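Residue numbers start from 1 in every chain, and the chains themselves are labelled A, B, ... in the order their sequence lines are given, proteins ahead of strands. None of the values given here were measured: they were computed from a predicted structure.
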2 protein chains.
Amino acid sequence: MTTEATHNAPGLPIASVERETGLSKDTLRVWERRYGFPTPDRDANGERLYTQLQVRQLAQIKRLMDRGHRPGRLLALDASALAALDTPDEANPGAPDPQLDDWLERVKSHDSDALERQFHRELARRGLARFVVDICAPLITRVGEAWSRNELGIFEEHLFSQHLEKLFRTTLANMAPQSGSPRVLLTTLSGEEHTLGLLMVESLLVVEGAYPVLLGPQTPINEIVRAAQVKAVDAVCLSFSTAYAPTQAAQGLRDLRQMLPARTELWAGGYGVKGIRKPIEGVCLVPEFQDLFDCLVRWRIETGGKSAN
Amino acid sequence: MTTEATHNAPGLPIASVERETGLSKDTLRVWERRYGFPTPDRDANGERLYTQLQVRQLAQIKRLMDRGHRPGRLLALDASALAALDTPDEANPGAPDPQLDDWLERVKSHDSDALERQFHRELARRGLARFVVDICAPLITRVGEAWSRNELGIFEEHLFSQHLEKLFRTTLANMAPQSGSPRVLLTTLSGEEHTLGLLMVESLLVVEGAYPVLLGPQTPINEIVRAAQVKAVDAVCLSFSTAYAPTQAAQGLRDLRQMLPARTELWAGGYGVKGIRKPIEGVCLVPEFQDLFDCLVRWRIETGGKSAN
DNA sequence: GTCAACTATTTGTCCAGGACAATATGACTA
DNA sequence: TAGTCATATTGTCCTGGACAAATAGTTGAC
């Protein structure tokens, strides 16, 4: 069924493969040179044409790399050995929360209605802040892990994200504050498309009496600086998902810190910052939501709770 | 004020410039080779380090290219000649709708509250479909043009998008249908982050009695195919903004068409498809919203209004 | 046995410069 | 004016070499 349309497939050029897999052209070429895989066909002009199978295998390898495997080993294996690695082998290391498992099951089976009802119920029961910290964040982590174990695909992950996004946007629409401090600009760097982290942070900030300015994802650094100035914010808060390469994230943070006025704080949150080892001067790393509260408290003590702008 | 933090700027590596400007590394290098601009400094290792000024100039050049200028000409000019080109010179060619001008002014001056009130008012007055077609689409076009004329920045554009997104999501949350036909999957290809187009299409489809499945932006082709199968949709609808290179869009559509079952229709909408000259077999190009209605009607006639799945 | 320091390997990204196809421009003709 | 063809422009692809950052493996001290 899935291969029915692969009749006269001429193959995908390298740019398409980069777009689909997220592996750079440089990486694709150097893998071919070093490990002999993938070895795509060539067109009349000598340009690479990858088969659908190769693209699927590359996506699989990328997933396994996120689980800690190294490309040198993976690329030496054949398809069956890869498949053996790719099965959901180990049990989940964290506490096996039955409710989370329950939800994960719903995500896997695309049971949108049940998922949405349950979200609303838990939100009402726990309140927004606890809902974010105790339910959303762990569940998103679980979904990410499940994806890396090949238990569900990007499709399910997207659908799940859309439900949460709808929930947050409707909830937040009814409680937009007129004022508050600190004023915090929320966005991501170019290349980071995940908005969910921003919406969760926005929720927490509103509840805590701060004034978030949601700018949406993917703002160039120059424009972040200008926005911070125009909106007179006290802090810029960026969000990084697992997908963002830690080395790129660190570079981006350095670039931005260099251009931002010293009085404007720079906070970086999300799963993606956990990979950053060395602290960056003038940047506050916020890997967990709890650390965000710490950041807020610290700012309020240091400034007396008043915006400097 | 804007240059205050540029004290010890060591410059940005080529990867950062690619991320910030959207110009590929290949393009940056070939411009340097051919036109002698930009000529970045080099670090101890011989790697390029671009100054902030160079990055700003590159962004300016990219904007001017979107207005129809050619790089060969632009890169031969010096900074002052570029600035002369970059002023908002010509008047807008279309009908100078005073209301649109009014709104554009609000966008430029970050008058969020007034903007939001006016959106709600017009939505109530015209109804959702007319609001999308008569107000939203032209306004988005106008904002895009204003951006290309350097009258406003990405920051303002992001803020504007966030307001519209909030409006659509709250409106749509209250009218999600239980059924309808055709069933249409809504998403974009990797690299296209704009969600607004999808939300507008979703609105129109709901109003017209169809059943949209919103998947959010940036789904890999493989996953689009799987989603179409699982959700048993009759059509996949992709959205392309101006930013998406027409050649990339066409290639992506060909890639997807090749993998999708023949019975599943493929519609491609948005400003970005206007750049596609040659029709692509099996792909329905929908440059204007009116064409979407045509697509719907055609599908209903051809199939008798019933899903084939 | 554990931890730290050091060395070796791995791996992604950068570089140069050549080539070519797709697009846009401009000249010429009907 | 509109269509056709030659020419110029321009982005992307190619090869193969190099190197720095990160990771793995080893050794030695406590």
For the helix from C/dG1-D/dC30 to C/dA30-D/dT1, what angle lies between the axis at the first five pairs and the axis at the last five pairs, to 10 degrees? 30°
A/E18: salt bridge (Lys or Arg N to Asp or Glu O under 4.0 Å) partners, not counting sequence neighbours: A/K25
Closest to the [X] side chain: [options]?
X	options	answer
B/D26	D/dT12, C/dT13, C/dG18	D/dT12
B/R42	C/dA16, C/dG17, C/dT13	C/dA16
B/W31	D/dG16, D/dT12, D/dG11	D/dG11
A/P71	D/dG16, C/dG12, C/dC15	C/dG12

Indicate, with a heavy-atom threshold strictly under 4.0 Å, whether B/A15 touches base, sugar-phosphate, or nothing. sugar-phosphate
Under 4.0 Å, counting only non-hydrogen atoms across every strand here, what does A/R48 touch: a base, just sugar-phosphate, or nothing? sugar-phosphate
Can you tell me if [X] touches the phosphate of [N], counting only side-chain N or O atoms and a distance under 4.0 Å to OP1 or OP2?
X	N	value
A/T27	C/dT13	yes
A/K25	D/dC13	yes
A/Y35	C/dT11	yes

What string of B, S and - do you get for nucleotides 20-25 of chain C, 5' to 3', when a contact is any protein heavy atom under 4.0 Å? SS---S
Any chance you could measure B/E156, atom CD, to B/E151, atom CD, to the nearest 0.5 Å? 11.5 Å
